[in-house]
2 protein chains.
Amino acid sequence: MAVTIKDVAKLANVAPSTVSRVIANNPRISEQTKRRVREAMEYLGYHPNYNARSLANKSTQTIGLVMPSSADKVFQNPFFPEVLRGISTKAHEKEYTLYMSTGSKEEDILEGVMGMVHGRRVDGIVMLYSRIDDKIMTFLQEQNFPFTVIGKPFALPDTITHVDNDNYRAAKDVTEHFIEKGHECIAFVGGNLDLVVTVDRLSGYEKALREAGIPHNDDYVVHVEFLKEGGQEAVMELFSLPKPPTALVVVDDLMALGIMSKLDEIGLSVPEDVSIISFNNVMLAEYASPPLTSVDINIFELGYEAVNCLLEKIADPDAENKRVCIPHKVVERWTVRTQTENGIENVK
Amino acid sequence: MAVTIKDVAKLANVAPSTVSRVIANNPRISEQTKRRVREAMEYLGYHPNYNARSLANKSTQTIGLVMPSSADKVFQNPFFPEVLRGISTKAHEKEYTLYMSTGSKEEDILEGVMGMVHGRRVDGIVMLYSRIDDKIMTFLQEQNFPFTVIGKPFALPDTITHVDNDNYRAAKDVTEHFIEKGHECIAFVGGNLDLVVTVDRLSGYEKALREAGIPHNDDYVVHVEFLKEGGQEAVMELFSLPKPPTALVVVDDLMALGIMSKLDEIGLSVPEDVSIISFNNVMLAEYASPPLTSVDINIFELGYEAVNCLLEKIADPDAENKRVCIPHKVVERWTVRTQTENGIENVK
DNA sequence: CTGAAAGCGCTTACAG
DNA sequence: CTGAAAGCGCTTACAG
């Protein structure tokens, strides 16, 4: 069997409890015995058994991650590696480790999450997405288990600590940007309406139009599954309209790529015929042709802060729930042009 | 405190050991008491504590994942969500859960892995990449800890169970495909030479050339970091050559996208001026303009099989190490054309 | 500053 | 078919 605290204790001529204390670096142990014990640990190649530790002190030093269903198209979005990077970074800093949900149906994932919390496998959970009426979120809240969500919880956002962008504001900015450039036929291509981020961005878009006195046109709002296939559908719908839009607010970079590829196919060019701004500013945006103007939502930061908040919550479960807002910034590249009565004026 | 096996035992009027047995569905317990115990569990809302269980029976039902450094560009490759999907699927089937490495320097990751194995946090590990002289792989092997790698271990591949494509063959196929189409100036754009996959594909490429009697040209082999930036560098190098290539074997789809975008910039068109075949057949390949001809390496399957093998290994640690080879298939789209003395013949 | 003891919540021979 | 007991490897009051 592996070497245990007892073996170390014996060799160092102390009690197991003393060994435990030097592991915890308890200040009440003399430097001398600490040294002796440490030598023994070194010599024997001792490593603590985390299961035993967790069982004894009721803390696991690990946080659970709830991803969207791996069957879901969203899962493929480069958003996830990037949030993961943020999450992983903060977790590593604080010496927490990561536990991942599995399963491809919501039921299965929920079961897994129940296992995490009831089985005491994790100290807290971060949800990497936020959708309306999510059973997992509901469960976590019922259990009063420490958790944090990336995105805005739809119901009772004040009850749940979350980190999000101001997606309403961001979409409004983007839409206003188009308006300033002279566009009036501005369409919104949204993703799954279950995703809170979609509804927030849609309201921002609508608000900007209203403020500018541009009548809302139902035909200009289309919702498709995230990702590229969706982009293509969107093009079919929008550009068979009698009066197609000249500018597109697209909720996701990948979708925008899909749109651009389809546009190309039907002989329309970006930005000459249609301008596009999308969201996320994923690496790919820069390498599209032409490079995509996109809203950088600081994905890394979203992940980083989400575990930061979670850790605070674990340390003090009764602390007030908070909302942290990660700033966004539109990164201008080459998919927006000024709209004039007839034809190209300049490309910006 | 949470409800434990003792509470259930008391309510059901049996010994804790009996409860434990009905949880394990031990056939020696009568159906009657099983029912009684289950009712008690249901009534009390009992859930087993996994830490206690793991401690007692020395098995965690979880597998550890070693990802490349999150700081590494490779991490962003859509390859990873897709392997993860395969991994997650098989793990879920067998009721295993997933544990993830964190950290961005190799040192840190190694430390994390040491924690996993020594701390008995996982029953086995799958490495999601394979690079030359990898400390983590060496460690795992020294410890004789059950693990499996996706890709081919560089040293002593017979000693380590792994699942891989026949990358040598695949690259050879692709190169021969170009040769059949009349190309002679065929370049190879590889990734990081530390990655075993790069060296395998390079040899396949070289072999095909040799067999066809095409002299090897050092200038036609360039290595850059995976992903898009790399693609752009590659273009600069290759197309400032006195005699630039007419066909490109590109080791990764994203890199190919970068290449295409750069080619576009300098006024060369695909496939008219240069043909491209890349690897992975990631979703994006289909939506490039023009859609990329790419080698589908069955990423999902790689992940799925990797955990399958791992589970076998955990069940029988002394079983022979094996290599499973996942088939590949080139998916023809629109980036390859037949090369003639002068100009376009047909696009295929 | 250190030790003896109890306990964390399970599982698993051993007995009957 | 079921129970009593020991044990998995730690931690943490309690005492001194």
Side-chain angles (χ1 to χ4, degrees), chain A residues 1-38 40-41 44-62 95 97 115-123, chain B residues 1-38 40-41 44-62 95 97 115-123:
Chain A
M1 248 349 310
V3 4
T4 75
I5 219 176
K6 282 188 190 169
D7 304 314
V8 176
K10 203 167 292 170
L11 181 61
N13 240 296
V14 295
S17 44
T18 300
V19 176
S20 174
R21 287 190 188 101
V22 351
I23 292 169
N25 201 17
N26 185 318
R28 293 208 306 240
I29 302 292
S30 73
E31 279 310 318
Q32 210 181 95
T33 51
K34 274 188 185 171
R35 206 175 312 121
R36 199 146 38 89
V37 169
R38 285 189 182 126
M41 298 197 312
L44 295 173
Y46 169 79
H47 291 275
N49 180 316
Y50 287 107
N51 292 121
R53 174 180 290 186
S54 296
L55 182 57
N57 72 6
K58 283 142 174 21
S59 117
T60 59
Q61 291 283 113
T62 111
E95 305 200 297
T97 54
M116 289 189 201
V117 348
H118 288 135
R120 303 282 139 186
R121 284 191 195 255
V122 302
D123 294 343
Chain B
M1 251 343 312
V3 4
T4 77
I5 219 176
K6 281 187 190 170
D7 303 315
V8 177
K10 202 166 293 171
L11 182 60
N13 241 295
V14 294
S17 43
T18 301
V19 177
S20 175
R21 287 189 187 101
V22 349
I23 292 169
N25 202 15
N26 186 317
R28 292 207 308 239
I29 302 291
S30 73
E31 278 311 317
Q32 210 181 91
T33 53
K34 274 188 185 170
R35 207 176 313 123
R36 200 146 37 91
V37 170
R38 284 190 182 124
M41 297 199 310
L44 296 173
Y46 169 79
H47 293 274
N49 179 317
Y50 287 108
N51 293 119
R53 174 179 291 185
S54 296
L55 182 59
N57 73 4
K58 284 144 172 18
S59 116
T60 59
Q61 292 282 115
T62 111
E95 306 199 297
T97 54
M116 286 189 205
V117 348
H118 288 136
R120 303 282 140 187
R121 283 189 195 256
V122 302
D123 294 341

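Note that these values count all heavy atoms, side chains included, but never hydrogens, waters or copies made by symmetry. Note on naming: letters A, B, ... go to the chains in the order of the sequence lines (proteins, then strands), and numbering restarts at 1 for each one.
Under the rule for a side chain to side chain donor-acceptor pair (under 3.5 Å), B:Ser20 has no partner lying at least two apart in sequence or in another chain.
Residue B:Ser30 places its side chain closer to D:dC1 than to any other of C:dG9, D:dG9, D:dC1. Closest to the side chain of B:Arg28, from the set D:dT11, C:dT11, D:dC1, is D:dC1. Distance from the side chain of B:Ile29 is smallest to D:dT2 among D:dG9, D:dT2, C:dC10. Comparing D:dT2, C:dA4, C:dC10 by their nearest atom to the side chain of B:Thr18 picks out D:dT2. With C:dT12, C:dG3, C:dC8 as the candidates, the nucleotide lying closest to the side chain of A:Leu55 is C:dC8. Nearest nucleotide to the B:Arg21 side chain, out of C:dG3, C:dG9, C:dT12: C:dT12.
Between the C1' atom of C:dC10 and the CE atom of B:Met41 lies a distance of 14 Å, rounded to the nearest Å. Rounded to whole Å, the distance from CG on B:Asn51 to C1' on D:dC8 is 12 Å. When the C1' atom of C:dC10 is taken as reference, atom CG of B:Asp7 falls 13 Å away, rounded to whole Å. The nearest whole Å value for the distance from the CG atom in A:Asn57 to the C1' atom in C:dA6 is 16 Å. One atom, NZ of A:Lys34, and another, P of C:dC1, lie 9 Å apart when rounded to the nearest Å. A straight line from CG of A:Asn13 to C1' of C:dG3 spans 13 Å, rounded to a whole angstrom. At whole-Å resolution of the value, CD1 in A:Ile23 and C1' in D:dT11 are 10 Å apart. Rounded to whole angstrom, the span from the CZ atom of A:Arg36 across to the P atom of C:dT2 amounts to 8 Å.
Between B:Ala52 and B:Thr33, the residue anchored nearer the 5' end of DNA chain D, judged by the nucleotide with its closest heavy atom, is B:Thr33.
The closest side-chain donor-acceptor pair between A:Lys34 and A:Asn25 falls under 3.5 angstrom.
Each of B:Ile29, B:Val37, B:Thr33 was checked for a side-chain contact (heavy atoms from CB on, under 4.5 Å) with B:Arg21, and the lone residue meeting it is B:Ile29.
Using a 4.0 Å heavy-atom criterion, one finds that A:Val14 contacts the sugar-phosphate atoms exclusively. Across all strands shown, B:Ser20 has heavy atoms under 4.0 Å from base atoms, whether or not it also approaches the sugar-phosphate.
For B:Lys58 and C:dT11, the shortest distance from a side-chain N or O to OP1 or OP2 is not below 4.0 Å. OP1 or OP2 of C:dC8 has not a single side-chain nitrogen or oxygen of A:Tyr50 nearer than 4.0 Å.
Contact check for A:Thr4 versus A:Asn49: no side-chain heavy atoms found under the 4.5 Å cut-off. You'll find the side chain of A:Arg36 stays beyond 4.5 Å of the side chain of A:Val22, heavy atoms only.
For the atom pair CZ of A:Arg120 and CG of B:Asn51, the computed distance is 10.0 Å after rounding to the nearest 0.5 Å.
Distance alone, capped at 3.5 Å, places no donor-acceptor pair between the A:Thr62 side chain and the A:Val122 backbone.
In terms of polar N and O atoms assigned as donor or acceptor, the side chain of B:Ser17 comes within less than 3.5 Å of the base of D:dA4 in a complementary pairing.
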Intra- and inter-strand pairing of DNA chain C, written as dot-bracket with Watson-Crick and G-U pairs under 3.5 Å and | for the latter, reads |||.||||||||.|||
CA sep, side-chain torsions, deciding dist, call: A:Ile23, A:Tyr46, side chain to side chain contact (heavy atoms under 4.5 Å, CB included)
CA-CA 11 Å; A:Ile23 292 169; A:Tyr46 169 79; 3.7 Å; yes
